[in-house]
Each structure stands twice: as C-alpha cells, then as structure tokens.
There are 2 protein chains.
Amino acid sequence: MKHIAESTVRRLSLYLRFLEQSRREGKDTISSGDLAGLGGTTSAQVRKDLSFFGSFGTRGLGYSVSALSRRIREILGLEREWRVVIIGAGKIGAALAQYRGFADRGYRIVGIYDVAPARIGVSLDGITVRDQKELEGDAARLKPEIALLAVPPTAAQTLVERAAKAGIRGILNFAPAQIHAPAGVEVRHVDMALELEILSYALTNARKK
Amino acid sequence: MKHIAESTVRRLSLYLRFLEQSRREGKDTISSGDLAGLGGTTSAQVRKDLSFFGSFGTRGLGYSVSALSRRIREILGLEREWRVVIIGAGKIGAALAQYRGFADRGYRIVGIYDVAPARIGVSLDGITVRDQKELEGDAARLKPEIALLAVPPTAAQTLVERAAKAGIRGILNFAPAQIHAPAGVEVRHVDMALELEILSYALTNARKK
DNA sequence: GTGGGCTTGTGAATGATTTCACAAGTTACA
DNA sequence: TGTAACTTGTGAAATCATTCACAAGCCCAC
C-alpha cells in the first residue's frame, strides 16, 4: 500500500467518532458533506481520505454508516483487542487507568507499573500496581503490545528500553521528553505542555492571523 | 507578519526544551545541527524555522543558547504569566492541577471548577474546587485567559460557551468531542484516544512502511 | 424506463512545507 | 594577515497535502 499521511489517519479516527454518533442518532447513510460538516473539513477532503483505502460509498446516496464504521475500524486496527500496560502510576497514570475512552475502543489495560514502593501493591481500577522491574518477567504472561508511558522525563528513556525488551511494539509517551525507540517500536507523543505553548503562541499573535 | 505554520511553532517549542537542557549542561552556543539531532529533524529545517522570525545566529559559531531561548520564549508568549482555569475536577482535571510542566512555564492555575457536589469544596493542589456556575462571576476577580477543559464529551460544548463568556480566549480541550468555539476563542485538542488509534494504525500496518 | 437531483471517486491544479545547495560571514590559529 | 574549518541564512527545487472540478453512477418519482 502507498504511504498514508498521518493527517489522513487522524481524520479517519475523527470520522469514526462522527459515524458512531450518527449511528446513535439512527442514521443509516451519511454523505461526505455531512461528515465534513461535523469535523472541520471539506467534502472533497473526506472523499480523498477514504479513496486511499478503496471506494465505500454509493453515488447519489453517500456512505452506509455501519459499513463505513466497520471499514474504518478495520483500517485503524480496532477490530481486535490491544493489550496495554501503563508505566507510571502517578496522577497521570492513574487518570489513564480509569479513562473510559480506552476501554470503549478495545484497549485493555493488563498491567500497571511504577518504581515507588508507596505505589506498588495499590489497586487502580481493579489492577494491582507492580514494580516496574517485573515488566519483562510479566511479559510472557501478559503479552503487552502497547505501553502508555507516564513517568518523569528523566526516567522515560530507560523505560522505553525496558518496554521494548518486554516485547512492546507501540508506546504512547506522556512525558515531555524526546525519546529514542529501538527499531520496530513505534512512539507517539501526547505533550500537554507543548500544546499549551502552541495555544499561547496563537493568543499572543492573534491579531496577525 | 506572514502566517507561520503550526508545525513550525510546534518545533520551536521543542527547540526551547533542548536549549534549556543545553543550558543545564553548561553549553553557551549550539548549532542548528545539534538542535536538529536532539529533535528528529534536519539542520536546514531548524534554520528555516528560525528564519521566519529573524536571524539570531552567528555564522561559523551557531546560536547563543541564552539569547535564542529568550527569543523563542518571547515568540511563544512565555515571557508573561498566563492565568489558567481547569474545568472538570475528575481524574484528568486533578492530574492537570498538579502537573509540574505547566507551572514551570508560567501557566498559573487560578481556579478549578466542577459540577458534582461531591467534588465542589475539595482542595486540589491548594486550590478549592468551585461550582462551574461561578465561573462567569469569578471572572472579574480571577481574570482567566486559558481554560483546560477536562469534562465528559457531552458537557464540553456548554462549557466552552460559558468559558467564552468568562472572557477566556484559549481552550485546551481534553474531551474527545468536536467543539465549536465563538469567534476570537482559540481551541486546541489533546485527544489521547485518537493518538492511541493512530498508534494502532501504525502497528497494524507496520510492514508496508 | 426515463429524467432530475444528488453524491461519489479522482485526475489535475494549486498551495504548503521541507529539503537542497551554496554564497557569505565568523572564528581560530599559524 | 591569510587560510582552513565551520555555520548561518535563504532562494530555488522537490516533495507532500489539499482543493477544484467534473464525469460517472445511483436513487427515486413518475
């Protein structure tokens, strides 16, 4: 398959939300224009995005809400369950553990790890926090595929390496740190401070837009 | 000033981190190549990004770490303090309240709001959670400029409007919901579920890269 | 089954961003 | 002072992403 732009994948994920919302509202079909209206984009953009993966619509009618939902879930890899561990049981890790949005989409939290003795043994959302030294040992049993990394920036790199050794192939990093991942491990960043800085840039330079 | 791409602003924010790290390591000057190595980019990219705002370097030598830091802070609007309220005192709101990364950069939390009676009156990181109905009334006293919105998706739109009435000009939205902002209000999204979906897309389609 | 009204899918055009490549400026040092 | 080694700043070229525009296809009503 040709390489797909990240911006396209991101929009696909949004379209899926709108499709699920439309399904709840009882709609059977939806046009590219409707989908575009819900997100902040254009109908041409929607059709182009979908066209990279095939043609799912019916001319004159639009897209079947259920068929397109299913197809996008398939594209995004959401038709299977993903086994996720949380590394770092501080405030952010704890918030992630109970975040409904993950479970709803087939991301199953199978383990939570920390360093601090005070946190080890505590139960978060039904899962007992374990020492992060156990991560590699637990891997055979838990088979984690994705890690949510919520540790202080200085600890991030070490834990990426430990996660990789435990067989983890994808890391969503919440630490404000640049990390270097071993080959074959995909890393994405959720960087709240950085987003806030982009926001303050926008506010500071608002007039010139 | 010409319009600056978001990707450029995002990298600027990263460069600032690397500059601060370099300062801690005692470096006085840094070259575009060094900066590029720390982020995942190229020296030409670094120089091009900076060139939109002026020329800060010295040929043959590179950039002064302290002067460039100061200049980037200025561009991003970080030379002043920003007054921030958190809307939603659930797990995510609570995690945001104590997140060090914000305070370090001059974002001062001046208020926290929620709907749930059980949460109102509780103190989070030294700030008492108040009823979100008070947001507009408190505005004259607190003068909030930015809101961190951490409420359930269904409540997000209503609170955006309330925040706008309280004079807030920038919103960082953590709810997985598309929201429509009044004119003059800037909205950015931090969407963890969406990032996780992009990650599972990457893992599902890893071979074809 | 025919026509009108919609909507898709997609090449081509445009616009935006990144990379290239190199002249020009600076330092270090003999 | 002269030269070697670096590094910036920046047009031009290349690449990547979005928008345009329209032929082709389908539904529905009659």
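Every value quoted in this text rests on a predicted model; they were computed, and no experiment measured them. Just so it is clear: chains get the letters A, B, ... in the order the sequence lines come, proteins before strands, and each one is counted from 1.
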Original post:
Using a cut-off of 4.0 Å on non-hydrogen atoms, how would the nucleic acid contact of B:S7 be classed: base, sugar-phosphate, or nothing?
Top reply: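 Counting heavy atoms under 4.0 Å across all strands, the contact made by B:S7 is with sugar-phosphate only.
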
Original post:
Under 4.0 angstrom, heavy atoms only, what part of the nucleic acid is A:S32 near: base, sugar-phosphate, or nothing?
Top reply: sugar-phosphate

Subject >> Presence of A:Q45 side-chain N/O under 4.0 Å of D:dA17 phosphate oxygens OP1/OP2 >> reply: no

Rounded to whole angstrom units, what separation is found between the [atom1] atom of [X] and the [atom2] atom of [N]?
X     : N      : atom1 : atom2 : answer
B:L61 : C:dG25 : CG    : P     : 16 Å
B:H3  : C:dT17 : NE2   : C1'   : 12 Å
B:R10 : C:dT18 : CZ    : C1'   : 17 Å
A:L68 : C:dT7  : CG    : C1'   : 14 Å
A:D34 : C:dC6  : CG    : P     : 13 Å

Subject >> Neighbour count >12 (heavy atoms, 6.0 Å) for atom CZ, A:R80 >> reply: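 Yes.
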
Original post:
Looking just at side-chain N and O atoms, do B:R47 and B:S43 make a donor-acceptor pair shorter than 3.5 Å?
Top reply: yes

Original post:
Any luck finding a side-chain donor-acceptor pair between B:Y107 and A:S200 under 3.5 Å?
Top reply: yes

**OP:** Please tell me which of the listed nucleotides, C:dT17, D:dT7, D:dT18, lies nearest to the side chain of A:R11?
**Re:**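 Taking heavy atoms from C-beta onward, the closest nucleotide is D:dT18.
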
Subject >> Letter per nucleotide, 5' to 3', of nucleotides 9-15 of chain D [B base touched, S only sugar-phosphate touched, - untouched; heavy atoms, 4.0 Å] >> reply: BBBB---

Subject >> N/O donor-acceptor pair under 3.5 Å between B:D114 side chain and B:A89 backbone >> reply: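 Confirmed, B:D114 side chain pairs with B:A89 backbone.
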
**OP:** Taking only Lys NZ, Arg NE, NH1 and NH2, and the carboxylate oxygens of Asp or Glu, determine whether B:R10 and A:E195 approach each other closer than 4.0 Å.
**Re:** yes

Original post:
Rounded to the nearest 0.5 Å, how far does CD of B:Q132 lie from CZ of B:R119?
Top reply: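 Spacing of CZ (B:R119) from CD (B:Q132) equals 10.5 Å.
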
Original post:
Relative to the 5' end of DNA chain D, which residue comes earlier, A:T42 or B:G62, by the nucleotide with the nearest heavy atom?
Top reply: B:G62

